[in-house]
Amino acid sequence: MKYGNAVRLLKKYFSGKASVNEVMKIEKWYAEAEKKQDAETGEPASGEIKERIYQQIVSTINKSKVIPFYKKPFFQVAAAAAIVLLIAGIYVLKVQPAHTKKIIAAKPVYKNDVAPPAKNKAVLTLADGSTIDVESAGNGEFAKQGNTHIVKQADGIIAYKGSNEEKIVYNTLTVPKGSKPLKLKLADGTDVWLNVASSITYPTAFSGNERKVVITGEAYFEVAHNAAMPFIVTQANKDLEVRVLGTHFNVNTYDDESSMNVTLLEGSVNVTSNQNKMLLSPGQQAQASNNGIKKINNANLDEVMAWKNGTFHFEGADIKSIMRQVEKWYNVDVVYNDNINYSFVANISRDVNVSQLLNILQLTDLVHFKIEGNKITVMK
């Protein structure tokens with residue numbers, strides 16, 4: 001295979017865009033290279049092609065803005081440790097103590113597989129307790145609450161349209177695990193993107209001196225400005241409040257995370273938790289926990305917003321943090337046979353089968369996986 005063709009094929013493979021035949025070709029190539037390993041050194045003997053691909057990778061890295069983790073103080077490089085650089089979900093390098101660089105070929109995990117969500121599985125609960133499967137609802141008006149019309153737009157957005165109500169009633173939108181996220185437009189014009197394993201409860205129309213919604217899980221807000229009516233986001237069953245007039249921010253309140261994080265992209269927000277208050281400026285993040293609120297001045301916005309942009313984006317994430325996202329997106333259960341004490345850097349499309357995602361991580365040779373139905377086992 002010519003070098004240029006090999007590079008193009010590898011790009012398609014690691015971005016999840018390869019056809020079945022192309023996947024089989026790459027897997028066969030790796031399998032053949034693995035068979036040729038020298039019994040003493042354990043190094044692949046495939047030589048020329050891999051060396052050329054490695055040179056291409058080095059060129060890609062040199063032109064990128066990736067910060068090597070060995071330059072970051074928290075990452076200690078020991079004799080048995082490895083530094084992992086994953087460039088745009090395409091290439092993986094393992095840098096070893098003697099500055100030896102090689103491509104690691106992982107064994108395929110395609111025998112069992114889980115596809116990414118093919119559709120939205122959101123459920124809308126109306127004020128009377130009745131429920132509507134959003135995916136099956138046709139475009140146009142599909143429900144009405146008082147004077148407010150609930151419309152499904154051609155682009156899939158759920159929008160509330162109508163005038164102020166004398167009697168305020170509430171709806172709840174729930175996006176379960178294994179679903180695509182959903183965009184909601186509230187009656188005041190505020191846009192909300194709801195992540196998987198999340199819900200939002202909101203009035204069908206706004207009146208009075210505030211606009212208040214309650215969430216679980218994670219949501220991104222672009223709030224319509226209204227100086228006379230502040231917009232307030234609270235977390236169900238927890239003491240967290242985000243108060244704004246009009247701004248863009250992300251709120252992550254998943255129960256399986258160590259803190260509730262509010263990240264500001266535009267405008268300003270006031271965050272209150274356990275009677276502690278904090279004002280955020282764009283690019284800052286408030287991390288609220290039982291120990292109070294901690295401010296992060298330069299939040300990684302790419303990592304925070306990756307779910308909305310359709311990617312898995314990690315910059316120094318441990319394997320459990322990664323697998324928590326995998327659990328929610330693919331609706332799988334994860335168990336651990338071993339402790340994996342490494343950090344990973346990755347940018348991978350969410351539109352790939354779980355086996356392709358795991359194969360990319362497995363290329364580091366620092367972690368391995370086994371898929372059994374809806375269960376994924378993590379091991380060394």
Side-chain angles (χ1 to χ4, degrees), residues 120-127 131-132 134 145 150 157-160 168-206 210-224 226 229-267 269-274 276-278 280 285-290 293 299 304-309 324-325 327-329:
N120 187 280
K121 300 178 182 178
V123 175
L124 177 64
T125 303
L126 301 178
T131 59
I132 298 174
V134 172
Q145 300 280 266
I150 308 175
I157 297 173
I158 304 302
Y160 282 69
I168 301 300
V169 296
Y170 291 84
N171 286 180
T172 298
L173 186 64
T174 302
V175 178
K177 292 181 180 180
S179 168
K180 288 182 175 292
L182 183 67
K183 183 179 177 181
L184 169 69
K185 184 176 286 290
L186 298 176
D188 67 334
T190 291
D191 290 325
V192 184
W193 285 259
L194 196 61
N195 201 356
V196 297
S198 304
S199 70
I200 179 170
T201 300
Y202 49 92
T204 58
F206 293 98
E210 67 180 23
R211 298 168 287 170
K212 190 171 185 179
V213 301
V214 181
I215 72 164
T216 65
E218 185 168 25
Y220 170 70
F221 294 84
E222 292 187 355
V223 177
N226 186 340
M229 191 182 293
F231 193 94
I232 300 170
V233 179
T234 63
Q235 204 279 344
N237 304 320
K238 290 188 178 179
D239 183 19
L240 177 74
E241 179 181 285
V242 183
R243 180 180 290 264
V244 304
L245 297 178
T247 187
H248 301 176
F249 61 97
N250 191 80
V251 183
N252 183 335
T253 67
Y254 285 122
D255 288 336
D256 56 2
E257 298 294 339
S258 59
S259 64
M260 297 180 291
N261 299 336
V262 179
T263 309
L264 183 63
L265 282 77
E266 182 180 305
V269 300
N270 281 296
V271 181
T272 304
S273 178
N274 296 322
N276 297 305
K277 295 185 179 181
M278 179 176 290
L280 294 184
Q285 181 182 85
Q287 298 180 347
S289 65
N290 293 334
I293 303 180
V304 171
M305 299 308 302
W307 70 269
K308 177 179 174 289
N309 297 329
R324 284 195 295 272
Q325 292 196 37
E327 282 182 304
K328 296 180 180 71
W329 183 242

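In this text, all values refer to a predicted model and were calculated from it rather than measured experimentally.
Residue pairs that meet the ring pair (Phe, Tyr, Trp, His ring centres under 6.0 Å) test with at least one member in residues 172-198, sequence neighbours left out, are W193-Y220. Applying the side-chain hydrogen bond (donor to acceptor under 3.5 Å, both in side chains) test to pairs two or more places apart or on separate chains, those with a residue in residues 178-187 are K185-D191.
For E257, the salt bridge (Lys or Arg N to Asp or Glu O under 4.0 Å) partners are R324, not counting sequence neighbours. Looking at residues two or more places apart in sequence or on another chain, you find a side chain to side chain contact (heavy atoms under 4.5 Å, CB included) between A197 and K177, Y254, K328. Qualifying side chain to side chain contact (heavy atoms under 4.5 Å, CB included) partners for D239, counting only residues two or more places apart in sequence or in other chains: N274. Partners of T234 by side-chain hydrogen bond (donor to acceptor under 3.5 Å, both in side chains), not counting sequence neighbours: none found. Qualifying salt bridge (Lys or Arg N to Asp or Glu O under 4.0 Å) partners for E222, counting only residues two or more places apart in sequence or in other chains: none. Not counting sequence neighbours, the partners of Q325 by the side chain to side chain contact (heavy atoms under 4.5 Å, CB included) test are F312, F314, R350. Annotation: side-chain hydrogen bond (donor to acceptor under 3.5 Å, both in side chains) contacts of D188 (sequence neighbours excluded): T190, R211. Residues satisfying the side chain to side chain contact (heavy atoms under 4.5 Å, CB included) test with K277, not counting sequence neighbours, are T272. With sequence neighbours excluded, the residues that form a ring-ring contact (aromatic ring centres under 6.0 Å, His included) with F249 are F221. Not counting sequence neighbours, the partners of Y160 by the side-chain hydrogen bond (donor to acceptor under 3.5 Å, both in side chains) test are N171, Y202.
Shown here is N309, whose CG atom has more than 12 heavy atoms of other residues, nucleotides or ligands within 6.0 Å.
Minimum heavy-atom separation, V214 to A236: CG1-N, 3.6 Å. Residues A224 and G189 come closest through the heavy atom pair CB-C, 3.9 Å.
Taking the side chain as every heavy atom from C-beta outward, F231 and N226 never approach each other to under 4.5 Å.
Taking CG of N261 as the start and OG of S289 as the end, the distance is 9.5 Å to the nearest 0.5 Å. Separation of atoms CG (N252) and OG1 (T263) is listed at 8.0 Å; rounding is to 0.5 Å. Of the inter-residue distances, the one linking L194 atom CG with W307 atom CH2 reads 7.0 Å to the nearest 0.5 angstrom. Atom CZ of R243 is separated from atom NZ of K212 by 8.5 Å, given to the nearest 0.5 angstrom. Taking CG of L245 as the start and CG of N270 as the end, the distance is 9.0 Å to the nearest 0.5 Å. To the nearest 0.5 Å, atoms CD (E210) and CD1 (I232) are separated by 4.0 Å.
No option in I150, T131, T172, T204 other than I150 meets the side-chain contact (heavy atoms from CB on, under 4.5 Å) test with L126.
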